Asker: 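Can you keep this structure in mind? I'll have questions shortly.
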Amino acid sequence: MTIPLKQMKLHRLKMRLNNPFTTSFGSVQEKEFFISEVIDGDGNRGFGESVAFASPWYTEETVETSLHVIENFLIKILQENDIQYPDDVTQLFSSVKRNNMAKATLEGAIWDLYAKRENIPLSKAIGGMKQEIDVGISIGIQPTIKDLLKTIEHYVQEGYKRMKIKIKPGHDVNVLREVRKHFPNTPIMADANSAYTLEDAEHLKQLDNLGLMMIEQPLKDDEILDHAKLQEELNTPICLDESIHSLTDAKMAIQLGACKIINIKIGRVGGITEAKRIHDYCRKHDIPVWCGGMLEAGVGRAHNIALTTLSQFVMPGDTAGSSHYWEQDIIQPEVSVKNGVIKVPDQPGIGYEVDEEALKKFTVDLKTYDL
Ligand code: OSB
Ligand code: MG
């Protein structure tokens, strides 16, 4: 049966992170993004969230390119076509090249709407079975090693299941050695956000005796071949993040031996349907996956939680609790983490209510499109 899509609203929000988040590329604290709200003829509402940042440091997309592609191309596709099932959206959007974060913004809202119409949680709608999920935390680059050790201690106390430490040239082996010395048994991994080249292989080999779970995205996103060469040199498993935009990328990376683990992010791969396909392929090929984060507000966070209930998400993800990021989130209840575990909501759709007051408070612009 066709989903009777009636209207799409695009709420543009501006929120400020509790703390600046620093990676090998630089720092983010102000975050502008969109909450998409799709409304059907029966009064149901589905929500999505965009994850592109203001500047193209992570992938090529930005807040403005997302808006451009949504307004001028994706909305038109929804206006001109019938949707029976959320997977149809991925198929229809494939006529627009890449721009995955823009696509995922709308696709996520349609998945939520679909699950609400079926009166089932989004996790169930996509085939997830878990009632709770394990989570870790991603710690940005800190001003000093002392600050970093203090921060790690704090999150170990809170029960997070693994610590992800951001690294960059000049701030890597030295830092991780110190961390390992103070936390001999804590599950630790490193994320380089593409900061190295294959010429750094000898240097990166020094990570091998630190017992890291993995090193995430050491090289540039399109250097899949070089990642395969680096993985041959390293015992530490490589996990790819920025390199994986699609199932096709995942197949190539796995078959070339460029990684042993994949970080799946809904926005980076163009939506939940593609994320699920990558998950299914990894399951078949025995590649562990985990769910990455993009410093999301509550709606995006809820989508990540639902995705993580799929069975091959066997490693803790980056989906920390709302209060780690925001003084006030835009959902009720907020996402809370106890002993490194999030309870998966059992309400229909994303399972959290959008807090209308909070949504209004952070909204800087609102656009409405008839579908
Ligand atoms: O590389 O995983 C990344 C945040 C923004 C962009 C890229 C990354 C990250 C994180 C933090 O590591 C994830 C989160 O806590 O949401
Ligand atoms: Mg990463």
Side-chain angles (χ1 to χ4, degrees), residues 15 17-33 49-63 100-101 104 133-142 148 151-152 155 158 160-168 172 188-196 212-221 227 237-245 249 253 259 261-269 275 289-305 307-308 315-326 329 334-335 337 340 342:
M15 288 173 72
L17 292 160
N18 292 335
N19 297 294
F21 188 79
T22 305
T23 69
S24 58
F25 291 94
S27 281
V28 192
Q29 185 155 25
E30 291 290 339
K31 202 180 177 212
E32 275 198 53
F33 59 96
E49 179 173 328
S50 70
V51 298
F53 296 104
S55 68
W57 61 269
Y58 172 76
T59 66
E60 65 275 27
E61 291 184 83
T62 68
V63 176
N100 289 342
M101 293 177 182
I133 60 164
D134 286 350
V135 293
I137 197 148
S138 174
I139 300 172
I141 293 173
Q142 303 293 312
L148 175 61
T151 308
I152 295 173
Y155 292 120
E158 286 201 356
Y160 282 97
K161 304 248 177 190
R162 65 103 174 98
M163 305 290 141
K164 171 163 130 183
I165 314 293
K166 293 284 185 178
I167 58 169
K168 63 177 182 181
D172 44 34
I188 290 167
M189 59 171 290
D191 185 1
N193 286 109
S194 317
Y196 297 89
L212 302 180
M213 297 170 79
M214 68 194 91
I215 176 170
E216 183 177 347
Q217 197 68 40
L219 314 178
K220 301 275 166 298
D221 76 321
H227 276 104
I238 292 176
C239 169
L240 289 177
D241 174 354
E242 284 93 320
S243 289
I244 307 297
H245 306 272
D249 287 343
C259 66
I261 300 168
I262 289 182
N263 163 343
I264 301 182
K265 289 185 186 173
I266 296 170
R268 194 186 65 235
V269 305
V289 304
W290 54 276
C291 184
M294 290 288 282
L295 312 172
E296 289 92 345
V299 171
R301 198 159 297 283
H303 283 267
N304 290 345
I305 292 168
L307 183 69
T308 307
M315 293 179 148
D318 275 346
T319 308
S322 296
S323 63
H324 167 59
Y325 305 87
W326 314 108
D329 205 343
E334 298 199 337
V335 173
V337 175
I342 295 174

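Each ligand, and each atom within it, is numbered from 1 in the order the structure gives. Given the structure is predicted, the values throughout are model-derived calculations rather than measurements.
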Asker: Show the atoms of ligand 1 that are less than 4.0 angstrom away from any heavy atom in Tyr58.
Answerer: 7 (C)

Asker: Would you say the Mg ion (ligand 2) has Glu216 as a near neighbour, meaning an N/O/S atom of that residue under 2.8 Å away?
Answerer: yes

Asker: Taking a cutoff of less than 4.0 Å between a non-hydrogen atom of the residue and any ligand atom, is His324 in contact with ligand 1?
Answerer: no

Asker: Could you tell me the residue and atom name of the protein heavy atom closest to atom 5 (C) of ligand 1, and the distance to it rounded to 0.1 Å?
Answerer: Phe53 CZ, 3.5 Å

Asker: So which protein heavy atom does atom 4 (C) of ligand 1 come closest to, and at what separation?
Answerer: Phe21 CE2, 3.7 Å

Asker: For atom 8 (C) of ligand 1, which protein heavy atom lies nearest, and how many Å away is it?
Answerer: Lys265 NZ, 3.4 Å

Asker: Just heavy atoms, cut-off under 4.0 Å: does Asp241 contact ligand 1 by side chain, backbone, both, or neither?
Answerer: side chain

Asker: Working to the nearest 0.5 Å, report the span between CD of Glu334 and NE2 of His324.
Answerer: 13.5 Å

Asker: Is it the case that the side chain of Tyr196 and the backbone of Lys168 share a donor-acceptor pair, with hydrogens and angles ignored and the cut-off at 3.5 Å?
Answerer: yes

Asker: Mind listing the closest non-hydrogen atom pair of Asn193 and Phe25 along with its distance?
Answerer: O-CE1, 3.0 Å

Asker: What class does the angle between the rings of Tyr155 and Tyr160 fall in, given that below 30° is parallel, 30 to 60° is tilted and above 60° is perpendicular?
Answerer: perpendicular

Asker: In the protein, what heavy atom is nearest to atom 1 (O) of ligand 1, and what distance, to one decimal place, separates them?
Answerer: Asn193 ND2, 2.7 Å

Asker: Under 3.5 Å, is there a donor-acceptor pair between the side chain of Arg268 and the main chain of Asn263?
Answerer: yes

Asker: Are the side chains of Lys166 and Asp191 in touch, meaning some heavy atoms are under 4.5 Å apart?
Answerer: yes

Asker: Check whether any side-chain heavy atom of Cys259 lies under 4.5 Å from a side-chain heavy atom of His227, and answer yes or no.
Answerer: no

Asker: Does ligand 1 have a heavy atom under 4.0 Å from the side chain of Met294, from its backbone, from both, or from neither?
Answerer: both

Asker: Any nitrogen or oxygen of Asn263, side chain or backbone, less than 3.5 Å from one on ligand 1?
Answerer: no

Asker: Answer yes or no: does an N/O atom from Tyr325 fall short of 3.5 Å to an N/O atom of ligand 1?
Answerer: yes

Asker: Is it the side chain (CB and beyond), the backbone, both or neither of Asp191 that lies under 4.0 Å from ligand 1, heavy atoms counted?
Answerer: side chain

Asker: Would you say Glu242 contacts ligand 1, with heavy atoms under 4.0 Å as the rule?
Answerer: no

Asker: Could you tell me which N, O or S atom of Asp191 is nearest to the Mg ion (ligand 2)?
Answerer: OD2

Asker: Which atom name does Asp241 have for its N/O/S atom nearest to the Mg ion (ligand 2)?
Answerer: OD2

Asker: Look at atom 13 (C) of ligand 1 and say which protein heavy atom is nearest, naming residue and atom and giving the distance to 0.1 Å.
Answerer: Gly293 O, 3.4 Å

Asker: Minimum heavy-atom separation for Met15 and Ala297, please, with both atom names.
Answerer: SD-CB, 4.1 Å

Asker: Tell me, which protein residue and heavy-atom name are nearest atom 16 (O) of ligand 1, and how many Å apart are they?
Answerer: Leu295 N, 2.8 Å

Asker: Among residues two or more places apart or on two chains, list those pairs meeting salt bridge (Lys or Arg N to Asp or Glu O under 4.0 Å) that have a residue in residues 315-326.
Answerer: Arg162-Asp318, Lys164-Asp318

Asker: Show me which atoms of ligand 1 lie under 4.0 Å from any heavy atom of Ser138.
Answerer: 10 (C), 11 (C), 12 (O)

Asker: Can you tell me which portion of Gln217 lies within the under-4.0 Å heavy-atom range of ligand 1? Options are side chain, backbone, both, or neither.
Answerer: neither

Asker: Taking N or O atoms only and a 3.5 Å limit, does Trp57 qualify as a polar contact for ligand 1?
Answerer: no

Asker: With heavy atoms of Lys164 as the reference, note each atom of ligand 1 found under 4.0 Å away.
Answerer: 2 (O), 3 (C), 12 (O)

Asker: Do Val335 and Ile342 have side-chain heavy atoms sitting under 4.5 Å apart?
Answerer: yes

Asker: Are the side chain of Gln217 and the backbone of Asp241 linked by a donor-acceptor contact shorter than 3.5 Å?
Answerer: yes

Asker: For ligand 1, which atoms have a heavy atom of Glu216 less than 4.0 angstrom away?
Answerer: 2 (O)

